[in-house]
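Please read the structure below before turning to the comments.
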Amino acid sequence: MLYRPLGRSGLQVSALSFGAWVTFGKQIGDPVAKKLLHTAYDAGVNFFDNAEAYADGQAEIVMGAILKKSGWRRSSFIVSSKVFFGCEDDKPNQTGLSRKHVVEACHAAIARLQVDYLDLYYCHRPDPATPILETVRAMNDLITQGKVLYWGTSEWSAAQLTEAYRLCVQHNLYAPTTEQPQYNLFHRTRVEKEYAPLYRDYGLGTTIWSPLASGLLTGKYNTGVPKNSRLDAPGMEWLREMILKQPGIEKKLTAVPKLAALADELGTTLPRLALAWCLKNPHVSTVILGASRPEQLTENFGALDLIEKLTPAVIKRIEAISKPVAD
Ligand code: NDP
């Protein structure tokens, strides 16, 4: 495993990490979740990503029970939660980034995950209804209370992040360490262009999500929706719609076999190629893997050996296929 600093912080995060999004407490059973977490940890993965909203809190309950029984030293792993979407109910104050919800959601996540503190705590989306200073102060206070070690954002605009940094400097508060944006061969503008000044000026780290575009970049959706895949799972109609009806999907699907052929020529697989391409970006602190089977994780760890083989000439060929169809 490779380890990278999370932005300009001293926290070392495995270059490949593992998340629970639509799998834990939902698409997969608890024994599979356990196998996945152990497979990841045994391979050197030290960051496990979660959120209050994943399976309405159930993903954190499942992960917490596994962590508790694992016997792993608390210092050997990093676990996150995210606040914004709420879980169970969505009454006023049970969602969003108000001081009340940020603090209460943190306490609830700590209880579900059965830990004493969260290593990383994210604002899952921006909240236009709450002043940024209120949220930043709440995060700062959780850090000074020892309930959170580092905080970050997910899918905030560069302008919103810049405002957060400005307020932190002005009021001497703990600043965000990381963003959690979507980044893959088909979705790249924000990470590559919009955030560029933030890496330079504030040392922003990134923990990137959907590196395989929810499975598009495995080739499995090129001939329909296979049985037992994520987009086939019950309750996942909204995601099927979002992924398979997104703008430019036909062009993206046309690029997939070309990328697969290039991977084949390099003696590797498409998922590995797509993941190694993400890892090539020095502003990517960690690539969060989503997997519903241990074999997928094992396969995906092979991306680490591919990084060196993605020479400028190979990258140029990947770009020629993917860049014209990417957003
Ligand atoms: P991916 O884009 O990597 O998609 C994962 C899915 O791709 C798997 O569930 C699996 O689908 C398929 N897959 C993975 N590896 C392989 C393989 N080798 N061969 C075939 N199929 C494969 O990541 P996610 O979209 O799951 O995102 C990763 C993590 O990022 C999440 O768990 C979550 O922690 C985080 N995230 C954060 C968001 C945010 O807003 N901050 C939003 C979304 C995710 P299948 O089940 O069909 O086999």
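Index from 1, following the sequence. Just follow the structure's listing: the first ligand is 1, and inside any ligand the first atom is 1.
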Legend entry - Sorted by chain and number, the residues that approach ligand 1 to under 4.0 Å with a heavy atom: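 Contacting ligand 1 under 4.0 Å are G19, A20, W21, Q27, D49, Y54, K82, H124, R125, S154, Q180, W209, S210, P211, L212, A213, S214, G215, T218, K220, Y221, S229, R230, P271, I288, L289, G290, A291, S292, R293, Q296, E299, N300.
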
Inset, instruction - Check side chain to side chain donor-acceptor pair (under 3.5 Å) between Q27 and all other residues, then give those that pass, not counting sequence neighbours. - result: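 So Q27 forms no side chain to side chain donor-acceptor pair (under 3.5 Å) with any residue.
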
Legend entry - Any residue meeting side chain to side chain donor-acceptor pair (under 3.5 Å) with Q12, in chain and number order, not counting sequence neighbours: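 Residues passing side chain to side chain donor-acceptor pair (under 3.5 Å) with Q12: none at all.
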
Inset, instruction - Verify the neighbour count for atom OH of Y165: are there more than 12 heavy atoms of other residues, nucleotides or ligands below 6.0 Å? - result: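 Buried by this count: over 12 neighbours within 6.0 Å.
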
Inset, instruction - May I ask you to check whether over 12 heavy atoms, not counting those of E237, lie within 6.0 Å of atom CD? - result: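 More than 12 within 6.0 Å, yes.
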
Legend entry - CA sep, side-chain torsions, deciding dist, call: S292, R230, side chain to side chain donor-acceptor pair (under 3.5 Å): CA-CA 8 Å; S292 58; R230 171 181 288 188; over 6 Å; no

Inset, instruction - Sort and list the pairs that fulfil salt bridge (charged side-chain N to carboxylate O under 4.0 Å, His left out) and have at least one residue in residues 283-301, not counting sequence neighbours. - result: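 Those involving residues 283-301 do not exist here.
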
